[in-house]
Amino acid sequence: MSAPNAVSGLQARANAEGWWPVEPTMRTWGSGSVFGVTISACVATWLFIIGSTVAFFLGAVEGTVAMLSGALVGILLAALAVLPVTARYGIDSIAALRAQMGTKGAYLGLGLLGLSVIGWNAVLVIFTGRAFAGILVALGMMGAEHTDLVVSITAIVTTGIVWLALRSGAGAVKKAGVAIAVMVVLLGIFILIMVIKQAGVSTLLDAEPLAPSDSHFYNWTTAFEMVVATNLAWVPFIGGLVQLGSGPRKALWPIILGIGLPVGLLSVIGLLAALAVPESGGDPTVFMMELGGVTGGVPALAFIVLANFGTVLICSYIAAIGVGQVQSLQGRMSWSLTTLAVLLPIGVLAAFFSHPFYDNISMFLSCLGAAFAPVVGVMIADNYLLRRKVSLHGLFVHGPGTPYHYWKGFNPAGLIAALAGAGCYVYLLNPITLESHSPYEYMSASLPSVLVAGLIYAALMKWAVPKAWLTPAELDA
Amino acid sequence: MKTAALHTADRSEFEAALAARIADVEASVRPELELRSRDYLLVTVVTGVLPVLAMLAGFAGFFR
């Protein structure tokens, strides 16, 4: 390959794969497109799991209020953290994190992104397999004893199809996003009606929580906390969702409405179903068939398959962009190989470890709050307390002497603050056992974690960081 | 495409292209699409203050 081709080839890939800020002429998505992609990325069966978990603590009305509140607060914090910078410049969330964590420290965000993507997508792929198996069983095409085999085969096929779709880049994501968003919303409404119609409104309203704590405050806060933590984990994805949008104002409400409301509202389906059919444990592949029979259940399961496919497609695309931010890999891995590297662990996990993974999924989801809340706190403090002016040049040009090199590519202030925030979270709420320490029952764990990380970061940046680490503009300020 | 490493001259050209992109992007930032105080106020009230008030009402047993 000739030298000019090597350069132009890399440049073309940087454009197509989102390593660089998106070219201004390519940022054509309006609010509708951002909303469509966001909502289709968000609507997936893990919402049912969250809802059914809340059913252990609160009944229908209280659980709905707590989940909606948590969903909105969570997405507000996530949006405040990343939206101003990512939507202004058309960049990925991981790139934006370099300003706070350093050019190498931002790989922490990439690690969190990987943890989140692999875990969530594995859940979705497993559920896709279970839903598909449920359809085959309901139609009499196979016995229930073959479910595990179907889950494994479906996992391999689903990740294979997603990989093929991703090879065409952002186009496939946009087309899939808009179409699936419309379909998913319509089917979601259908499922909600089916749940209410079959179980009865009065039964649902009167249903007691499945296993509440003695503390009324603990029940409310835990329901709230689970959804806050879930939405904080959208931080690494938001940049990818909005980077083709034309600016922050066009992206703010699509993100809030596209994630906050669906998470709050569709989780209610899992809550209501778990209250109506407690023995289902909130598993949609079980309660859909219980409530709807073949005529209602099979279309609902088909909804799950479609919704999950769209989510896996979009989240994997964003994760692949995140991998592309690793400078040492840029130009060394083809887009096909990058997407394969993202999808392979998901497929393997879902195909061969579906049972052990599924049994521990609530633990995994709880850990997301402890991981993401501190990062959100640091980014919010940087945007609004310190009001640092982001150097776009510094986000993309690395090495000694560049704005975000700090100490060997790491910003100790950001990393220390994130660790402190995580420690605060774990003290207040152990994500493995859900044991809590006061004042968790009045404050939750995510909100204090955001606050602690943010304040420590601001204090360290203000008074402890060597002046040599700051940009000239910051020193002038 | 396998481009394990760019030569020094190529790297310079690549960096120049990146610098040009950064300049383009910075020049294209539209102030009218930046978030303003009233955007922050509205979104904070709707998605921050109201949910917290709802939680406080729930603590008080309002939704029982």
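Order of the sequence lines fixes the chain letters, A, B, ..., with proteins taken first and strands second; residue numbering starts at 1 for each chain.
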- Query: Under a 4.5 Å heavy-atom cut-off, does chain B meet the side chain of A:Y218, its backbone, both or neither?
  - Reply: neither
- Residue A:I91 versus chain B: region with a heavy atom under 4.5 Å: neither
Heavy-atom pair with the smallest gap, counting every atom of [X] and [Y]:
X	Y	value
B:L18	A:F396	CD2-O, 3.7 Å
A:P84	B:Y40	CG-OH, 3.8 Å
A:P24	B:D24	CG-O, 3.8 Å

- Query: Which members of residues 66-74 of chain A, sorted by number, sit under 4.5 angstrom from chain B on a heavy-atom basis?
  - Reply: A:A66, A:S69, A:L72, A:V73
- Item | Positions in residues 252-262 of chain A that reach chain B, provided some heavy atom is under 4.5 Å away | A:L252, A:W253, A:I256
- Query: Crowded around B:F62 CZ? As in, over 12 foreign heavy atoms under 6.0 Å?
  - Reply: no
- Query: Would a distance-only check, ignoring hydrogens and angles, find a side-chain to backbone donor-acceptor pair under 3.5 Å from B:R21 to A:P21?
  - Reply: yes
- Within the distance-only criterion (no hydrogens, no angle test), does the side chain of A:H216 pair as donor or acceptor with the backbone N or O of B:G58 below 3.5 angstrom? yes
- For chain B, find which of A:E441, A:K250, A:H393, A:R88 contributes the most heavy-atom pairs closer than 4.5 angstrom. A:R88
- Identify which of A:L77, A:N219, A:L392, A:V61 forms the greatest number of heavy-atom pairs closer than 4.5 Å to chain B. A:L392
- Item | Nearest-0.5 Å distance, CZ of residue A:F217 to CE of residue B:M55 | 10.5 Å
- Note on the structure: One should read off an interatomic distance between A:S391 OG and B:E26 CD, to the nearest 0.5 angstrom, of 7.0 Å
Side-chain contact, heavy-atom cut-off 4.5 Å: [X] with [Y]?
X	Y	value
B:S28	A:Y89	no
B:F59	A:T221	yes
B:F63	A:T64	no

- Examine whether an atom of B:V49 lies under 4.5 Å from a heavy atom of chain A, and if so say whether it belongs to the side chain, the backbone or both; otherwise answer neither. neither
- Please state whether the side chain, the backbone, both or neither of B:T47 comes within less than 4.5 Å of a heavy atom of chain A. both
- Item | Best-contacting candidate, B:L53, B:V43, B:T44, B:V29, against chain A by heavy atom pairs under 4.5 angstrom | B:V43
- Query: Under the side chain to side chain contact (heavy atoms under 4.5 Å, CB included) criterion, do B:L35 and A:R249 qualify, and how do the steps go?
  - Reply: CA-CA 5 Å; B:L35 293 171; A:R249 291 192 84 195; 4.1 Å; yes
